[in-house]
Colleague: 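Dropping the structure in here first, questions after.
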Amino acid sequence: MSVQRLLTAIVDKVFPNVSVGKRGVIRKNLFVGLLVSNPVFKLLLLLLGLVFGCLLLVAPVLQKFALDALVADNPDYADITFLFAISFLVICLASFLNIVIRMLGAREGVRLVRELSDWLYRQALSLKTEEQIKHTVGETVALLATHMQMVLFFMTDVFPAFFVSFLPLALTPFWVAYFFDLNPLIICGVIVLFLLLTGGLAIRSSALFQNYKELEAVRLGAINEWIQNIRAIKALNWLSSFEGRIENLGTRELNQRYKMVLNVGVMNSLSGITPYFLSIAGVVSLLYYKADFTAGDIFGIIWILGAFLIAPLRITPWIIVIALDAATSLRRVEAFLQAPSQSLPDNSKAPANPSDLVVQDLSLDYDGKQVLRGIDLNISQGSLVAIVGPIGSGKSQLLMSLLGETPCSFADISFGDKSLNKRTLRDSNIFGLVPQDPFAMSATLWENVLFEYADKPLADDSHIKRSLESTNYSPDLKNMPLGIHTELGERGVNLSGGQKQRLSLSRAHYLDRPVLLLDDTLSALDEDTEKFIFTKLLRNGWSKKTRILVTHRLSVLPEVDSIIFLDAGEILYQGSFATLKDEPRFQDFIATLEDNNVEG
């Protein structure tokens with residue numbers, strides 16, 4: 001059995017709730033898992049830390065011997081010079097080890113946090129739909145941008161500091177007992193008292209800092225809400241109310257910061273004066289317990305307790321503070337990672353042979369409310385089907401259910417001879433989606449159609465150009481200075497609503513899936529563009545594909561092959577426009593669309 005396997009087995013035995021992968025990937029109990037993962041490497045850091053602590057404490061002992069030799073009756077200056085030279089080399093070696101430990105610890109910390117961040121990112125992509133409602137985009141951004149930064153800081157800066165700060169502090173009482181014949185209990189007592197006092201202050205600092213961050217988040221949220229709705233707030237004369245709330249939150253945040261500064265000041269002051277008390281305790285112990293003490297003994301004790309321990313004593317409380325903050329961040333990350341998820345779809349090619357799409361008894365409930373019930377579909381390959389109905393009738397939810405993005409239930413969903421379950425709905429690469437709210441990346445038009453970032457354009461981008469031409473993007477390209485390689489700005493800020501919808505349609509054209517789910521994709525288009533895209537793309541260009549179009553456009557209904565009329569989550573009517581136009585409920589719906597068009 002290798003050392004790695006042996007240590008991993010010991011870790012699994014001691015920490016049964018921590019699962020560590022081959023490369024140290026943590027699965028549960030993240031804080032403990034980060035500390036004990038990759039045990040061989042952590043053992044190496046521990047050994048290097050012990051060597052560093054011993055070297056740090058050897059230098060004062062060598063200087064003690066040199067000083068005792070210097071004040072002797074017949075000093076041997078060659079030996080004294082040798083002792084001082086060795087002491088200097090030992091200090092240099094200890095400094096080198098300090099750098100090595102911090103570099104190795106930082107490298108391991110970056111590796112672990114990178115793996116944890118990748119896991120967090122993939123979890124955000126694969127959350128089940130009901131969990132996406134609980135975990136907002138803002139929470140995911142905060143986990144990646146704020147909490148993971150705290151974990152990174154802890155693992156790369158603070159965790160390595162444990163080996164070069166706390167270990168020398170723990171070795172000191174035993175060191176002075178061995179080399180200076182002192183009772184270690186006095187030094188231990190002072191150090192333990194210091195740890196208790198500063199530990200309590202560190203815990204309070206961490207709690208104050210967490211409260212401060214919560215208050216800051218609430219204040220920034222209020223300011224963001226105020227700025228986003230400033231026109232409406234001014235029009236409704238709510239300025240004083242919002243300003244008063246923001247001012248009140250700012251005052252509470254400032255008071256919390258005062259408490260933080262006071263607590264940290266006391267903690268730092270205590271850390272600063274502790275070496276002085278340790279030196280006094282060491283000298284008093286020397287005078288009391290050792291009758292034949294020398295000048296070298298006094299120099300060595302003061303050098304160890306009053307000089308070498310300054311850095312460890314100052315850093316130790318901050319190790320506690322940041323460790324507590326990192327533990328809090330990791331608990332939030334862990335709660336997010338334990339949320340129910342599903343597999344991510346791959347990007348392999350869609351099935352080559354087109355087939356019919358059949359859905360049997362699909363239903364969807366949200367919090368006890370039935371959104372869809374008993375949906376049965378049998379859509380022939382190459383059909384253009386429109387799904388219509390009143391607002392809230394479940395049209396978009398039906399499309400998302402076909403993508404496997406809702407907690408729906410169904411007897412069967414099949415595409416040709418392939419039966420699909422909830423996982424394979426996502427993995428099948430059968431469906432392409434043009435969403436109701438189109439998305440644009442902060443990238444070039446070319447990258448947005450391809451839907452990935454690229455360092456340099458493809459040698460042949462004719463496919464992308466054809467996809468753009470199919471959505472009448474050619475006139476728009478003339479106004480773009482770099483053509484398809486023009487940057488679109490953050491979230492496509494340089495595009496209109498219609499341009500974003502056509503970009504989303506171009507993306508679907510490039511992706512080339514056999515079943516296209518089109519969620520109100522014509523809503524932002526003008527009449528001429530709508531006719532062009534419907535005729536050239538939806539009707540003719542995609543004639544061999546199955547197209548399911550959610551729409552409120554009355555003009556396209558006579559042109560589709562079939563219409564599905566949804567009401568309150570159920571299919572009320574299904575058939576051609578000519579068949580349904582005499583149905584009373586459908587007539588009411590058509591009248592509503594006509595009224596909306598007249599008002600528009």
Side-chain angles (χ1 to χ4, degrees), residues 357 375 377-400 402 431-438 467-473 496-509 513-567 571-583 585-600:
L357 176 66
I375 300 295
L377 302 173
N378 193 332
I379 302 175
S380 300
Q381 180 269 324
S383 298
L384 174 56
V385 177
I387 298 180
V388 298
I391 295 173
S393 57
K395 303 182 293 296
S396 295
Q397 291 299 323
L398 175 56
L399 298 190
M400 299 309 291
L402 293 176
F431 300 101
L433 174 69
V434 179
Q436 187 173 9
D437 297 317
S467 296
L468 288 168
E469 288 170 0
S470 70
T471 60
N472 199 28
Y473 237 102
S496 66
Q499 287 175 319
K500 287 182 181 178
Q501 277 196 336
R502 287 186 286 133
L503 171 61
S504 195
L505 285 164
S506 299
R507 191 179 293 147
H509 182 275
R513 296 286 171 83
V515 180
L516 296 168
L517 308 178
L518 312 170
D519 193 358
D520 207 9
T521 56
L522 306 174
S523 59
L525 304 180
D526 60 69
E527 186 176 351
D528 292 337
T529 306
E530 175 193 325
K531 289 180 180 179
F532 177 90
I533 291 178
F534 185 83
T535 303
K536 182 172 182 178
L537 185 62
L538 272 65
R539 189 69 186 164
N540 298 321
W542 282 337
S543 59
K544 295 183 179 180
K545 298 182 181 298
T546 302
R547 294 140 291 163
I548 303 176
L549 171 66
V550 171
T551 184
H552 292 92
R553 290 296 182 101
L554 178 59
S555 59
V556 305
L557 296 184
E559 305 295 327
V560 301
D561 300 320
S562 178
I563 298 173
I564 296 171
F565 184 80
L566 279 180
D567 191 13
I571 296 178
L572 196 59
Y573 307 122
Q574 187 168 354
S576 66
F577 183 79
T579 303
L580 300 184
K581 66 180 181 179
D582 295 328
E583 298 290 348
R585 187 70 185 87
F586 187 73
Q587 286 179 342
D588 293 340
F589 174 73
I590 294 299
T592 302
L593 292 183
E594 290 175 340
D595 291 341
N596 291 338
N597 288 337
V598 170
E599 292 174 4

Colleague: Let me confirm one number: the CG-CD1 distance from L580 to I590, rounded to the nearest 0.5 Å.
Modeller: 9.0 Å

Colleague: Donor-acceptor pair, K545 side chain versus R513 backbone, under 3.5 Å?
Modeller: yes

Colleague: Without swapping roles, check the side chain of R547 against the backbone of V385 for a donor-acceptor pair under 3.5 Å.
Modeller: no

Colleague: Test side-chain contact (heavy atoms from CB on, under 4.5 Å) on S523 and H552; report intermediate values, then the result.
Modeller: CA-CA 8 Å; S523 59; H552 292 92; over 6 Å; no

Colleague: Residues two or more places apart in sequence or in another chain: which of them pass side chain to side chain contact (heavy atoms under 4.5 Å, CB included) with T535?
Modeller: N540

Colleague: Taking side chain to side chain donor-acceptor pair (under 3.5 Å) as the test, write out the residues that go with T471, two or more places apart.
Modeller: S506

Colleague: Can you name the residues that form a side chain to side chain contact (heavy atoms under 4.5 Å, CB included) with P390, not counting sequence neighbours?
Modeller: S393, F565, D567, R585

Colleague: Which atom pair, heavy atoms only, marks the closest approach of H509 to L537?
Modeller: CD2-CD1, 3.6 Å

Colleague: Could you pull out all residues at least two apart from K531 that satisfy salt bridge (Lys or Arg N to Asp or Glu O under 4.0 Å)?
Modeller: E527

Colleague: Taking the side chain from Q381 and the backbone from K544, do they hold a donor-acceptor pair closer than 3.5 Å?
Modeller: yes

Colleague: I'd like to check the side chain to side chain donor-acceptor pair (under 3.5 Å) partners of T579; sequence neighbours left out, ordered by chain and number.
Modeller: S576

Colleague: First locate atom CD1 of I375, then atom CG of L398, and finally report the distance between them rounded to the nearest 0.5 Å.
Modeller: 6.0 Å

Colleague: Name all residues meeting the side chain to side chain donor-acceptor pair (under 3.5 Å) criterion together with N378; count only those two or more places apart in sequence or in a different chain, and write none if there are none.
Modeller: none

Colleague: Taking only residues two or more places apart in sequence or in another chain, which ones pass side chain to side chain contact (heavy atoms under 4.5 Å, CB included) with D437?
Modeller: none

Colleague: Taking atom CG of L433 and atom CD1 of I548, what is their separation to the nearest 0.5 Å?
Modeller: 11.0 Å

Colleague: Can you check side-chain contact (heavy atoms from CB on, under 4.5 Å) on I571 and L566, steps first, answer last?
Modeller: CA-CA 5 Å; I571 296 178; L566 279 180; 3.7 Å; yes

Colleague: What distance do T521 atom OG1 and L516 atom CG have between them, rounded to the nearest 0.5 Å?
Modeller: 10.0 Å

Colleague: Quick one: sort the F586 and F577 rings into parallel, tilted or perpendicular, breaks at 30° and 60°.
Modeller: perpendicular

Colleague: Can you give me every donor-acceptor pair (side chain of residues 556-564, partner residue at least two apart or in another chain, under 3.5 Å) with its distance?
Modeller:
residue: D561; atom: OD1; partner: R539; partner atom: NH1; Å: 3.4
residue: D561; atom: OD2; partner: L384; partner atom: N; Å: 2.8

Colleague: From the options V434, L468, I533, select the one residue that forms a side chain to side chain contact (heavy atoms under 4.5 Å, CB included) with R502.
Modeller: I533

Colleague: Under 3.5 Å, side chain of K395 to main-chain N/O of G389, donor-acceptor pair present?
Modeller: yes

Colleague: Please round to the nearest 0.5 Å and tell me the distance separating atom OG1 of T592 and atom CD of Q587.
Modeller: 11.5 Å

Colleague: With sequence neighbours left out, write down each residue that passes salt bridge (Lys or Arg N to Asp or Glu O under 4.0 Å) with R507, or none if nothing qualifies.
Modeller: none

Colleague: Nearest heavy-atom pair of L402 and F431: which atoms, and what distance?
Modeller: O-CE1, 3.3 Å

Colleague: Kindly determine whether W542 and L518 satisfy side-chain contact (heavy atoms from CB on, under 4.5 Å), including the steps that lead there.
Modeller: CA-CA 12 Å; W542 282 337; L518 312 170; 4.2 Å; yes

Colleague: Applying side chain to side chain donor-acceptor pair (under 3.5 Å), name anything that partners S383, two or more places apart in sequence or on another chain.
Modeller: none

Colleague: Using the test side chain to side chain contact (heavy atoms under 4.5 Å, CB included), find all partners of Q436 that sit at least two apart in sequence or belong to another chain.
Modeller: S396, D519, D520

Colleague: Looking only at non-hydrogen atoms, find the nearest pair between A386 and T551 and report the distance.
Modeller: CB-CG2, 4.3 Å

